[in-house]
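Structure first, commentary second.
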There are 2 protein chains.
Amino acid sequence: MNFSVAEENYIKAIWHLQRYNDDVTTNLLANQLNTRPASVTDMLKKLKAKKLVHYEKYHGFSLTSEGKKIALGIIRRHRLWEFFLAEKLKFDWDEVHDIAEDLEHVSSKKLIDKLDEYLGFPKVDPHGDPIPDNQGKMETSSAIGLDELEINKVAEVSGVGNQSSELLELLKHKNIRIGTKLEVKKRFEFDQSLEIKIRNLPAFTISEQLAKNLLVKYGK
Amino acid sequence: MNFSVAEENYIKAIWHLQRYNDDVTTNLLANQLNTRPASVTDMLKKLKAKKLVHYEKYHGFSLTSEGKKIALGIIRRHRLWEFFLAEKLKFDWDEVHDIAEDLEHVSSKKLIDKLDEYLGFPKVDPHGDPIPDNQGKMETSSAIGLDELEINKVAEVSGVGNQSSELLELLKHKNIRIGTKLEVKKRFEFDQSLEIKIRNLPAFTISEQLAKNLLVKYGK
DNA sequence: AATTAAATTTAGACAAATCTAAAAATTATT
DNA sequence: AATAATTTTTAGATTTGTCTAAATTTAATT
Ligand SMILES: [Mn+2]
Ligand SMILES: [Mn+2]
Ligand SMILES: [Mn+2]
Ligand SMILES: [Mn+2]
């Protein structure tokens, strides 16, 4: 079956909200999509009719397994395009999302599988988020926030908590990118700031807020 | 200003019809877009309000210069994506059009200019059609049909009259592609078939219909 | 010039996706 | 448990793009 752009945006938004919320509400989804609760209710009826969501009025909703499958297809397209834009077209990391937001709706299966192959079957997008394979499977990340990292253990930056240009600017200035190896030397109790060290460069300090938005994995 | 997918498809269709028809009619456009004449009339009113077409009811229509500019932008996107699909993703020539039909509507200017650069500023798409540059300018082809080529003059295949998989199949079988150098040795009056020769390979015969769909340029 | 045929436009309807305002159901608070 | 606050749904409109059927205009034929 084939879905409209609007339907796809709803499905993807529900999928993302389900990841971090126990129950996804009408208001939450309306807010996420910059739309009105009444519009969400309308769309939920459509998605229910297509068996993409479980939905009983006044009692919440969630994606069916078919709905999740569709969502992963959209996310696959989105993240492959993001990878293409960053890797091949040299877009900055904060520019790729909006463009991928449109490209993700071009739904030729063959296009996406060929793109995947052309890109060398990348495992993560420019923000460190995993890319589902053509079966819809993707790595479940073992990443933790840098604020939770043990002292003096080397770890590698594997992703970010948000993709704003503000965060990108800061990371550029501090020379941190995905793949950077670093360790936490000290945690200051006063403001939870961290002293970190990258290889043999001089140590420097980062804020708690930044640390929480840096996802790291322990060195393999 | 920003245009809907429907508006863009109408603009592009009018542009293409204007190339080969003295006056573009409501019925002709309806036929081209697989829609109804009444729908065309509706859309013409919208496009006139946006100053993209000149239109007086019952008296025909044509693109304004602004309309042509928009059309060339869409055609630029379409052909750059076709080039990308054929060149980078190794799609066959008869598969690229339908996918580009969707991709052309992703209208980020920066995306297209970066894609153009990445592809090395190609001048023609996989069917030999010229790609407008970022100013909307493109080569005006001096190509003629192979059926009009003089006997014993070497020419180079520069494009095709249609992009069907049937034509592609035939050309593959005969080892003819864009760039192939050939000459016409003989024209048979009975059925207007042509004996042609490629380099030092044995000569062979092609139908009038095929000849008319092969565009060639005299050797530079 | 009158009639017929063809092309084009209008009138009115419909589906998709959205909205506002009001009603209904659920949840929280006294 | 009753009342108030919040959330969600319905009712009814609106916009975009499409359609069919009928009316109008233009073009072609007698
Ligand atoms: Mn989207
Ligand atoms: Mn991403
Ligand atoms: Mn199109
Ligand atoms: Mn083409």
State, to 0.1 Å, how close [X] and [Y] come at their nearest heavy-atom pair, and which atoms those are.
X        : Y        : result
B:Ala100 : B:Leu85  : N-CD1, 4.2 Å
B:Arg187 : B:Leu194 : NE-CD2, 3.6 Å
A:Pro37  : A:Asn27  : CG-OD1, 3.3 Å

Task: Contacting residues from residues 17-25 of chain B, given that a heavy atom lies under 4.0 angstrom of DNA chain C - done: B:Thr25
TODO: Kindly say if B:Lys45 contacts the phosphate of C:dT9, meaning a side-chain N or O under 4.0 Å from OP1 or OP2.
DONE: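 Checking B:Lys45 against C:dT9: no side-chain N or O falls below 4.0 Å of OP1 or OP2.
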Open item on the list: Counting only heavy atoms from other residues, nucleotides and ligands, does the tally under 6.0 Å from CD of B:Gln192 exceed 12?
Closed with: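 Yes, enclosed.
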Task: Neighbour count above 12 (heavy atom, 6.0 Å) for A:Lys51 NZ - done: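 Count not over threshold, so no.
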TODO: Give me the first and last nucleotide of DNA chain D, going 5' to 3', that has any atom under 4.0 Å from a heavy atom of chain B.
DONE: D:dG17 to D:dT26
Open item on the list: Less than 4.0 angstrom from a charged side-chain N to a carboxylate O is my criterion; do A:Glu148 and A:Lys212 meet it?
Closed with: no
TODO: Give A:Phe61 one of three labels, base, sugar-phosphate or nothing, depending on what nucleic acid heavy atoms sit under 4.0 Å from its own.
DONE: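 Since no nucleic acid heavy atom lies under 4.0 Å of A:Phe61, the category is nothing.
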- [ ] Test side chain to side chain donor-acceptor pair (under 3.5 Å) on B:His173 and B:Glu169 and set out the steps.
- [x] CA-CA 6 Å; B:His173 180 258; B:Glu169 180 197 16; over 6 Å; no
Task: Rounded interatomic separation in angstrom, taking CG from B:Asn27 and C1' from C:dA6 - done: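 Result: 8 Å.
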Task: A:Phe91 six-ring centre to B:Lys114 NZ/CZ under 6.0 Å and within 45° of normal - done: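 B:Lys114 over A:Phe91 ring: yes.
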TODO: Can you spot which of A:Asn213, A:Asp125, A:Leu168, A:Asp129 makes a side chain to side chain contact (heavy atoms under 4.5 Å, CB included) with A:Gln163?
DONE: A:Asp129
- [ ] Apply side chain to side chain contact (heavy atoms under 4.5 Å, CB included) to B:Glu8 and B:His105, showing your working.
- [x] CA-CA 8 Å; B:Glu8 289 190 346; B:His105 303 293; 2.7 Å; yes
TODO: Could you run through nucleotides 14-27 of chain C and give me one letter per nucleotide, 5' to 3': B if any protein heavy atom sits under 4.0 Å from the base, S if only the sugar-phosphate is that close, - if neither?
DONE: --SBBBB---BSS-
